[in-house]
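Some notes on the structure that comes next.
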Amino acid sequence: MKIFHLLFGLCFVVGCPDVQSGVFSCPDGRCPDGLMCHPDGLCRDTPIPDAGPIDAPTDDAPTDAPSVDAPTDVFVPDGGVEVPPIDMLFVVDNSNSMAVPQARLAEAFPDLMLSLATGRVTPESPMTFPPAEDIRVGVISTDMGIGPWTVPGGCDAMGDNAVLQQMTFASECGGEILPRWLDYQSSMLSQFRTDFGCKAQLGLMGCGFEQQLEGMLKAITPSTSPLQFHGPTLEMSTVGQADGPNAEFLRDGAVLVVVIVTDEEDCSTADLELFNPDTTEYPGDLNSRCITHSTALRPIGRYADALADLGRRVVFAPLIGMPADLDGDTPRDILDDDRMVAAFDERPVNVCTGMSVAAGAGPRYVEVAQELEAVSRGNARTAVGSICADDYGPFAERVLNAIVDVSSE
């Protein structure tokens, strides 16, 4: 509440050009100029609904009879309800084809935070689930480096190494250095929208050999884990970052939500020889190797088992290359579609195209989702979406539903 008072005071003194309807809370009934405090506790620029006159009871209607207009699906907060903290890790592809998806991600997902914080699917809908009071958001890139080799396209030995990103790259962010993670507060959605947009738009200079699944795993794995990751040389291995640069991002008892946003198939490998331009072990075009030599990639079980073994509730939500008409289907149905095969013909073959977006099939992410559902003993939910969809809002809503569902376990 103190933050709201400070923000309200600043608006009163200097004005609030960025005031947005439905994104400020009003626990004490106060709102910035031009907004009114509605019964749902949010400030809006629309008139407060008139409840109408209250008719006196008649002999035919008992005084305790419910209103016929009362919604039946409204969640009524209970003093015994506890909503777990939510830790959201976004794994964002920062290769040179990702400008539009990054911008759409920055636009669509702050509304997900508002829904989680208010218990409403939309600002106008009734409260249907317990509001989340503690949401933490971090972002890593898909650039994990390629070891000792030199190739064109911005690749170095270790890349961003699954470290939560702080540098901003979008022009409107001015090179600002942000905290390793954002702690969301519903009364500050306008600032959160700006900060998340700066974090989500990682730029386009990342290595073209994206290792999305390996980046996810290294970011959440402690150094004490037996899991090993590649190092800067063929002989050197490294350990997880969860108790190193990413320390304290993951909290005991929190629901972990992983959102992967990419337009290419995963290329997580334990054999860095795959990236050697002069190797004879993996012949063929260097750009095709992640597809044509898929046997060199890490097994899917590495990622599904690791997520299931965290001992916490998990939501795994890849936004990937797949036909948009499969959006919302189950992992099994998606994998059963003949189009969901990663292919290469001089360049990766696109499985979908959208508004300034084209993407190759990403079956490995869907396989992780399917296996995670099988091994998680009910502690995981998945949501798979097409990066070629014209609007990421429906995918964000499915992620929301998965979070609410697994939080109730």
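Quick note: residue numbers are just sequence positions, from 1.
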State, to 0.1 Å, how close [X] and [Y] come at their nearest heavy-atom pair, and which atoms those are.
X: T168; Y: C198; result: CG2-CB, 3.6 Å
X: P148; Y: L272; result: CD-CD1, 4.2 Å
X: G321; Y: I387; result: N-CG2, 4.0 Å
X: A383; Y: P318; result: O-CD, 3.3 Å
X: A162; Y: I140; result: O-CG2, 3.8 Å
X: P110; Y: A106; result: CD-O, 3.2 Å

Apply side-chain contact (heavy atoms from CB on, under 4.5 Å) to the pair V139 and L202, showing each step before the final yes or no. CA-CA 9 Å; V139 179; L202 292 182; 4.0 Å; yes

For the [atom1] atom of [X] and the [atom2] atom of [Y], what is their distance to the nearest 0.5 Å?
X: C207; Y: N96; atom1: SG; atom2: CG; answer: 10.5 Å
X: Y303; Y: L372; atom1: OH; atom2: CG; answer: 14.0 Å
X: L326; Y: C388; atom1: CG; atom2: SG; answer: 11.0 Å
X: R364; Y: I320; atom1: CZ; atom2: CD1; answer: 12.0 Å
X: L105; Y: F395; atom1: CG; atom2: CZ; answer: 9.0 Å
X: L164; Y: L89; atom1: CG; atom2: CG; answer: 6.5 Å

Distance alone, cut at 3.5 Å: any donor-acceptor contact between the side chains of [X] and [Y]?
X: E273; Y: Y282; result: no
X: S141; Y: D143; result: no
X: D195; Y: Q191; result: yes
X: Y392; Y: E107; result: no
X: D266; Y: S268; result: yes
X: E210; Y: S95; result: yes

What I'd like to find out is whether the side chain of [X] reaches to under 4.5 Å of the side chain of [Y], using heavy atoms alone.
X: Q228; Y: T238; answer: no
X: R180; Y: Q165; answer: no
X: M98; Y: L204; answer: yes
X: M158; Y: M144; answer: no
X: V163; Y: N246; answer: yes
X: N94; Y: Q201; answer: no
X: V151; Y: L286; answer: yes
X: L256; Y: L250; answer: yes

Apply side-chain contact (heavy atoms from CB on, under 4.5 Å) to residues F249 and I220 and explain how you reach the verdict. CA-CA 9 Å; F249 172 66; I220 61 175; 5.6 Å; no

The criterion is side-chain hydrogen bond (donor to acceptor under 3.5 Å, both in side chains); which residues satisfy it with T382, sequence neighbours excluded?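 Counting only residues at least two positions away or on another chain, T382 forms a side-chain hydrogen bond (donor to acceptor under 3.5 Å, both in side chains) with E373.
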
Would you find a donor on one side and an acceptor on the other, under 3.5 Å apart, between the side chain of [X] and the backbone of [Y]?
X: H293; Y: P283; result: yes
X: K199; Y: L182; result: no
X: D271; Y: A296; result: no
X: S125; Y: T122; result: yes
X: Q102; Y: D93; result: yes
X: D156; Y: G159; result: yes
X: S115; Y: V121; result: yes
X: R289; Y: N276; result: yes
X: E397; Y: G393; result: no
X: E265; Y: I291; result: no

Selection residues 346-359 - residue pairs positive for side-chain hydrogen bond (donor to acceptor under 3.5 Å, both in side chains), sequence neighbours left out: none

Salt-bridge present (R398, D327; N to O < 4.0 Å): yes

Close aromatic pair by centroid cut-off 6.0 Å: F196 and Y184: no

Would you please test F109 and F90 for ring pair (Phe, Tyr, Trp, His ring centres under 6.0 Å) and show each step? CA-CA 11 Å; F109 272 79; F90 285 83; 5.4 Å; yes

Is it the case that atom CZ in R339 sees more than 12 heavy atoms from other parts of the structure closer than 6.0 Å?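 Enclosed.
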
More than 12 heavy atoms from other groups under 6.0 Å of CD on E281: yes

For T142 and Q212, run side chain to side chain donor-acceptor pair (under 3.5 Å): C-alpha distance rounded to whole Å, both residues' side-chain angles, the deciding distance at 0.1 Å, then the answer. CA-CA 5 Å; T142 58; Q212 297 87 336; 5.1 Å; no

How far apart are the C-alpha atoms of D333 and T330, what are their side-chain angles, what is the distance that settles it, and do they pass the side chain to side chain donor-acceptor pair (under 3.5 Å) test? CA-CA 5 Å; D333 288 341; T330 66; 3.3 Å; yes

Let's go through V91 and V258 carefully: what are the C-alpha distance in whole Å and the side-chain angles of both, what is the deciding distance for side-chain contact (heavy atoms from CB on, under 4.5 Å) to 0.1 Å, and is it a yes or a no? CA-CA 7 Å; V91 183; V258 177; 4.3 Å; yes

Reference residue L274; test side chain to side chain contact (heavy atoms under 4.5 Å, CB included); the match among I146, L297, T279: L297

Trace of the side-chain contact (heavy atoms from CB on, under 4.5 Å) decision for I135 with D183: CA-CA 6 Å; I135 309 171; D183 286 314; over 6 Å; no

Per the salt bridge (Lys or Arg N to Asp or Glu O under 4.0 Å) rule, what does the pair list look like for residues 249-259, sequence neighbours excluded?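 For residues 249-259: D87-R251, D134-R251.
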
